[in-house]
Amino acid sequence: MTEQQAQHTENKTSPVISISGICSELVGSFLIFIAIYLVSALSPSLYGPSAILVAAATGLAYAAMTFVFGRFSGGQFNPAVTLAAMLVSKIGIVNGICYIVAQVVGAIAAGGVAKLVLPTSKAAPARMWFANAVNGYDKGSISATQLQQAGVSFGILFAVVVEVIATIIVVAASLRAIDDDGKATANAAAIMGVAYALGVTFTYPVTGSSLNPARATGIAIFANNAGLATHPLQQLWIFWICPILAAAIVAIVVIIAQMISSKNSEDAEALDVTADWEQEDAQSENGSADDDESADAEKSDDFQMPSLTESEIPSETTDEPKPENDATVESPQNEESQTDTDKD
């Protein structure tokens, strides 16, 4: 582990609380959920049921708040997103818990404001507005009235399936949009806007599109006694279990991918080290061979034939052998002269 990675790990596990991040999650969650509650409650009465309108409003709300507050907290605004970020170590546990509390408090505040500002009368009771804003399944589904005519309903299994799939999309996109320091990336707003809009598009007719435990909690508290077909708080547990399950699935996949990537990186580093060692050994062997050749050359230069003087150089011509007797050989004429002298 490098020094920079160790510093990041220490920062994530430290108990230091990010006040700016908590405030960002609180304010951002409040603004997102008040927009969703009001659009969901008012649009069916004013414009008719429209999943596209609610999806567009939801996506824009999340994108705007992510763009504004992403540099402080990563723009999470969802306990499922925060849980996944904690599991993959993008944020610390202490800050993660504080973020979740802030998100739920912001949602409850938004639910209270929505109940306060929505107009009610005998002809337009509160249940007319809340029926389109709460999350539910079966009789609590936003499509329950239309489905009853056909004798069918969106039961708990179908609600769980669509909520889990949609929340997996949202959580996976959020982990891509949050960097290792827990801050939003440059394109995080667009990513989150598209992810939430996509999730709402196919979950809205079934459950009213929760995708977020805080979003379901804030409105359920104030709509529980509004005279709806079902009590929203009785079905609220589904909209906590599904996001938590989705967050766990995404986190497990990411952790496994990180382990595989880390193992591949270690193997690659090991191969690089082995290659470096082999290269060093080859260079060492080449260096030893060069040193031996240099030593042999130096020895050859140091050894020289001894120089000989001219007297020591052997003559190329062969001398004739001298007679053993040094006496001069006399000629026959001299012998005759000597004989005549003796006679006289």
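The analysis underlying the following values was restricted to heavy atoms, covering all of them including side chains, and did not include hydrogens, waters or symmetry mates. The model shown is predicted, which means the values in this text are computed figures rather than measured ones.
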Would you please indicate if the ring centroids of F154 and Y137 are separated by under 6.0 Å?
no
To the nearest 0.5 Å, what is the distance between [atom1] ([X]) and [atom2] ([Y])?
{"X": "I91", "Y": "C98", "atom1": "CD1", "atom2": "SG", "result": "10.0 Å"}
{"X": "L83", "Y": "Y99", "atom1": "CG", "atom2": "OH", "result": "15.0 Å"}
{"X": "F239", "Y": "L211", "atom1": "CZ", "atom2": "CG", "result": "10.0 Å"}
{"X": "Q234", "Y": "L228", "atom1": "CD", "atom2": "CG", "result": "11.5 Å"}
{"X": "L175", "Y": "K90", "atom1": "CG", "atom2": "NZ", "result": "6.5 Å"}
{"X": "F222", "Y": "T217", "atom1": "CZ", "atom2": "OG1", "result": "11.5 Å"}

A side-chain contact here means heavy atoms from C-beta on lying under 4.5 Å apart; do [X] and [Y] qualify?
{"X": "Y62", "Y": "I36", "value": "yes"}
{"X": "L38", "Y": "V117", "value": "yes"}
{"X": "K183", "Y": "I178", "value": "no"}
{"X": "T120", "Y": "P125", "value": "no"}
{"X": "F158", "Y": "S153", "value": "no"}
{"X": "L118", "Y": "Y37", "value": "no"}
{"X": "I169", "Y": "Y196", "value": "no"}

For F67, does the CZ atom have more than 12 heavy-atom neighbours from other residues, nucleotides or ligands under 6.0 Å away?
no
Applying the 4.5 Å side-chain criterion to the ILVMFWY set and letting contacts propagate, would [X] and [Y] be lumped into a single cluster?
{"X": "M192", "Y": "I34", "result": "yes"}
{"X": "V164", "Y": "V81", "result": "yes"}
{"X": "L53", "Y": "L46", "result": "yes"}
{"X": "L42", "Y": "I142", "result": "yes"}
{"X": "V113", "Y": "L31", "result": "yes"}

When clusters are formed from ILVMFWY side-chain contacts under 4.5 Å, directly or step by step, what else is grouped with I252?
I256, I260
What's the shortest heavy-atom distance between [X] and [Y], and which atoms?
{"X": "V134", "Y": "P232", "result": "CG1-CG, 4.2 Å"}
{"X": "A188", "Y": "A184", "result": "CB-CB, 3.7 Å"}
{"X": "H231", "Y": "N224", "result": "ND1-O, 3.0 Å"}
{"X": "V54", "Y": "S40", "result": "CG1-OG, 3.9 Å"}
{"X": "L236", "Y": "A220", "result": "CD1-CB, 4.5 Å"}
{"X": "G106", "Y": "F33", "result": "C-CD1, 4.4 Å"}

I'd like to know if the side chain of [X] and the backbone of [Y] have a donor-acceptor N/O pair within less than 3.5 Å.
{"X": "D138", "Y": "G155", "answer": "no"}
{"X": "S209", "Y": "V200", "answer": "yes"}
{"X": "N187", "Y": "A190", "answer": "no"}
{"X": "S141", "Y": "S143", "answer": "yes"}
{"X": "N78", "Y": "A80", "answer": "yes"}
{"X": "W129", "Y": "P119", "answer": "yes"}

Partner of T82 under side chain to side chain contact (heavy atoms under 4.5 Å, CB included), picked from I97, L87, V171, I100, is I100
Mind listing the side-chain donor-acceptor pairs of residues 20-27 below 3.5 Å, one per line with the distance, residues two or more places apart or on another chain?
unit_1: S24; atom_1: OG; unit_2: S20; atom_2: O; d: 2.7
unit_1: E25; atom_1: OE1; unit_2: F77; atom_2: N; d: 2.7
unit_1: E25; atom_1: OE1; unit_2: Q103; atom_2: NE2; d: 2.7
unit_1: E25; atom_1: OE2; unit_2: S73; atom_2: OG; d: 2.5
unit_1: E25; atom_1: OE2; unit_2: Q76; atom_2: N; d: 3.1

Distance alone, cut at 3.5 Å: any donor-acceptor contact between the side chains of N212 and S210?
no
Going by distance alone, is a donor N or O of one side chain under 3.5 Å from an acceptor N or O of the other, for Y204 and N135?
no
